[in-house]
Every structure is written in structure tokens, then in C-alpha cells.
Amino acid sequence: MVKINRRQFIALGAAGVGTALVGHWLGQETISSQPLPSSSASAFGVYQSRDGLLELDIIAKENPVNLAGRQAYLLTYNGQVPAPRLEAQPGDKVRLHFTNNLSQPTNIHYHGLHIPVTGNADNVFLHIKPGEKLTYEFQIPPNHPAGTFWYHPHLHGLVAEQLFGGLAGLFIVRGQLDEIPEVKAAKEEFLVLQDFAVDNNGRLINSAHMSLMMGREGDIITANGQVNPSLSLPEQRLLRLRILNASPSRFYRLSLENHSFYQIATDGGALNEPIEVNELLLIPGQRAEVLIKGDRQPGQYRLLNLPYDRGGMGMMGGGMMGRNNRDEPIVLVTISYEDQGQSLSIPTQLASISALPEPQTVRSFELNHGMNPAVGMAFLINGEAYNHDRLDTQVQLDTVEDWEITNTGMMDHPFHVHNNAFQVISRNGQPESLLAWRDTVLVPRGETVRIRIPFRDFTGKTVYHCHVLDHEDLGMMGNLMINA
Ligand code: C2O
Ligand code: CU
């Protein structure tokens, strides 16, 4: 069965440095490893759980990395950009031996995973100083949905800077969706989208030179750490792309020449059935899974990032750093046909998401920005900038709430809630017909989005925030207490 393969703890160091680190760890702990076949666009490290355990060393450090054909000094997990891909299954235990070799404090957030928010799990209040170690340990609940999740730093004030340095990796939970025959037979590829800004010496450009109000964007736009890598699409078959927007601010409006996307999953896992779309807007923090049919004239097709205007503040708009995707399409990946036999069709049924019960509580949140006499421009939720010591929202475990989020500002804000996925109920009063689990939703300027969240399984303090991470660092975050 496929499960055997999944349970193997597999380590592949595409970069030499990655291999050395992995080898070191494996040597100490006598965990067997086996390389995965590499493919052009996903040649980075992969670790899979074995016998119910995913265990590895993760070291955050600055490291020379090949970026767009040049050496750049990026912030990495295990020397790699993007970071190693982690894969586990529902019910698995995860143990990550983390070392902070950065020059700043940091921590790790497991974006989208439904796991404890306290202790050494998805606790964004941990503060791991330079040189310190911490072992993250948690279990993926046995009923956790399969999906495309990710991990990145989450120390308030430094999140945008550390993510923009490169610290981000996929965390895949394999389960039911992966067993659907057509999905299983599809060729699977991963796309981690990141943008970077480095100077002529390959050093990260200082935040003082970035447009923090707009949210920093870089002019080097990468998929899996490469500029315009190639992928192959099997003729008459299906390509399954699992895409993550790991950029701190950049929006990706994706379109593949002459092909549509059959979206099969959102942030929180499978949709009930595939939906055919020509464009896919992926805002910071979001993931999507799509199937692409290789049923066109064999050849090369470009995956484009189309222009998108996410607003701005007068002269602030547009960002100061190089290419912004307001005006011109940018080629992200080139996809070429490869010869294959036997055709494959799009599956019909994927999951059975049901609508949530009516909420016990309805709350309103207003997103805006303003001047804070102490720090200058601040990004606000309900008129207040983030305060570590204030509890902004207290909810009761095992209840369902509706949150009505209104953006009265001049820029679009991707709203993200930690720990519990939600369903979008309406946009500007218009009921949402698509049933889907999400953890990040776009609240465009001038608009209102209503989401419905069930608070399940875990109590404790966590956060919700704008996923334009400069906005988060500049105050657009609130503390959420889930009470027993
Ligand atoms: Cu991906 Cu609180 O973030
Ligand atoms: Cu924002």
C-alpha cells in the first residue's frame, strides 16, 4: 500500500548543506532515510513521518543560497529556501528539535494546523532567543483533515522580516483526499511562492528601504526558490499542484495559459467537488490545490501572475521596491507537456463538508489604520493596535461564532485566524454558496466578510491578524482566548 511509502522517514537534501545537516541528525538518531526521486521544481528537502512519528532537527540560520542564479544570504530552516517540506498523517506525533541560530529571537507557527496553541505546540508567544533550542512536540488529531499547511516564524514585530528572509516551508497532512483515485493517480507537485529583495552583494535589503505601509514586496519572484522553473504536465493525465503563498505581502493572481484550474482544496482541505476556474487569487498565507488536465495541444504553457491592485495610501501605493504586480503579468513557472499513456479524468466527489450550525455569538471587527503618536502609522483592529497583554476576544470552547469583518481602510487585508478553520458565510451581505474550510480570507477595502468559526478541542490564548505581515507587525493583530 501507499501507506508504507508515506510512513518512511525520507530525507532528501537537494542542497549540499541540507544533506550535511540531515546526515548529522540521522547519524545521531539512527533514523533510516531514503531519497525521494527529485523533480525539477520541487527539489528541496522532504521529511515524512514513519511509524506515527515525524521527528527531525530544524535549525534557523542565515545561509548562502542560490537565488535567481546568484548567491544570496537568506534566512533558512536547515539551509534551504523554501524550508524542508514536512509530511505527516492524522494521528501522528510531531517532534521538531529546533535551534535558533539567527541573530534575532524567533519561534515557529504551524499555519492552519488544528493542534494545541499552548506549551511547545503552536504557541506564538514562545520567545526563542539566539542560540537557544526548543523541542516542539504535538500530535496531529486523528480526525485532522488532509491538506496543505505550512510553518513560519511568528514573533510579533519580526514576522514580516523573517518571512521575507525566506523562513517558510510546507507542512502536508496526507489523508482522505490523497486516496481519491484520480487525485492519487495525478502527478503531484508543490509550489511555494516567495519574493525577495537583495542588494548587489546578495544581502537582504534592510526594512528601512521597504514600503512597510504597503507591505514589503521584492523584485525576485520565485517558485520553490527558483525564478521561472519548469514543470511537466503529463499528456492526457492530471497534474496536481499544491500552491502556497509564502510571501509576506504579495498577492498572486494565477492563471495558466490555455488551461483552467480544477480547484480541489482550499486552506482547510478538500472541497466537496472540484470547481473549474480560470484564475486563482492566492493572498498571503493562503493555499490552494488544483488539478490541471493535460488535454491541450502538447507544448509549453506559462503559469502567470496577473496584475492585481490591492490598494494603497496615496503616494505609498505601489511599493518602493521594483516590480509590483499592478500592471504587468509575471511568469512564475513554465509548464511543458510530457508524453504519457492512459488518460485520467477529473474526480466528481471529493469530500462532504456540511454547513455549520447557527452561531451562539456574533462579533464585529473593523480593520483600519491610523496614526499612533508613539510609533507613527499603526494598523488597527477595532481602533486598537496589538497589545501583548490585552485579551481582545474571549470565546467559549465548543461554541460557534460569526465574525463580521469590515475593512474601512484603503488597502486589502487578508484576515487569518489561528488554530480553528472557518467557513465564509457572506460577502457584503451576499450569501456565499461555496462550502469550504479556510483559515485566511481576503477582506477587500470597503467590504465586509462574515465568517463562521467553531472553536473545538483546544483552549488557550492565540491570535488573529492581517497576513500582510508588515500590517500584523504594525499592530493589526488581536489576542484570542479560548476558554474551557
Ligand atoms: Cu501564517 Cu499568524 O500566521
Ligand atoms: Cu493588512
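We count ligands from 1, going down the list as the structure has it; atoms in each ligand are counted the same way.
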- Donor-acceptor under 3.5 Å (Asn206 side chain, Ala208 main chain):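 Answer holds: yes.
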Are a donor atom and an acceptor atom from the side chains of [X] and [Y] found within less than 3.5 Å of each other?
X      : Y      : answer
Glu472 : His467 : no
Thr148 : Glu289 : yes
His471 : His465 : no

- Query: Of all the N, O or S atoms in His152, which one sits nearest to atom 1 (Cu) of ligand 1?
  - Reply: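 His152's closest N, O or S atom to atom 1 (Cu) of ligand 1 is named NE2.
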- Query: What protein N/O/S atoms are found closer than 2.8 Å to atom 2 (Cu) of ligand 1?
  - Reply: His154 NE2, His418 NE2, His465 NE2
- What heavy-atom pair brings Val173 and Asp178 nearest, and what distance separates the two atoms? O-OD1, 4.1 Å
- Message: Any N/O/S atom, side chain or main chain, of His467 closer to the Cu ion (ligand 2) than 2.8 Å?
- Response: no
- the Cu ion (ligand 2) - closest N/O/S atom in His413: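 Result: ND1.
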- Rounded to 10°, how big is the angle at the Cu ion (ligand 2) from His471 ND1 to Cys466 SG? 130°
- Query: Does Glu62 come within less than 4.0 Å of Arg203, counting only side-chain N to carboxylate O?
  - Reply: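 So Glu62 pairs with Arg203 through a salt bridge.
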- Message: Does this structure show an ion pair linking Glu432 with Arg427, if we count only N-O contacts that are shorter than 4.0 Å?
- Response: yes
- Task: Among Arg253, Arg250, Arg445, Arg310, find the one that has a salt bridge (charged side-chain N to carboxylate O under 4.0 Å, His left out) with Asp412.
- Result: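 Of Arg253, Arg250, Arg445, Arg310, salt bridge (charged side-chain N to carboxylate O under 4.0 Å, His left out) with Asp412 is met by Arg445 alone.
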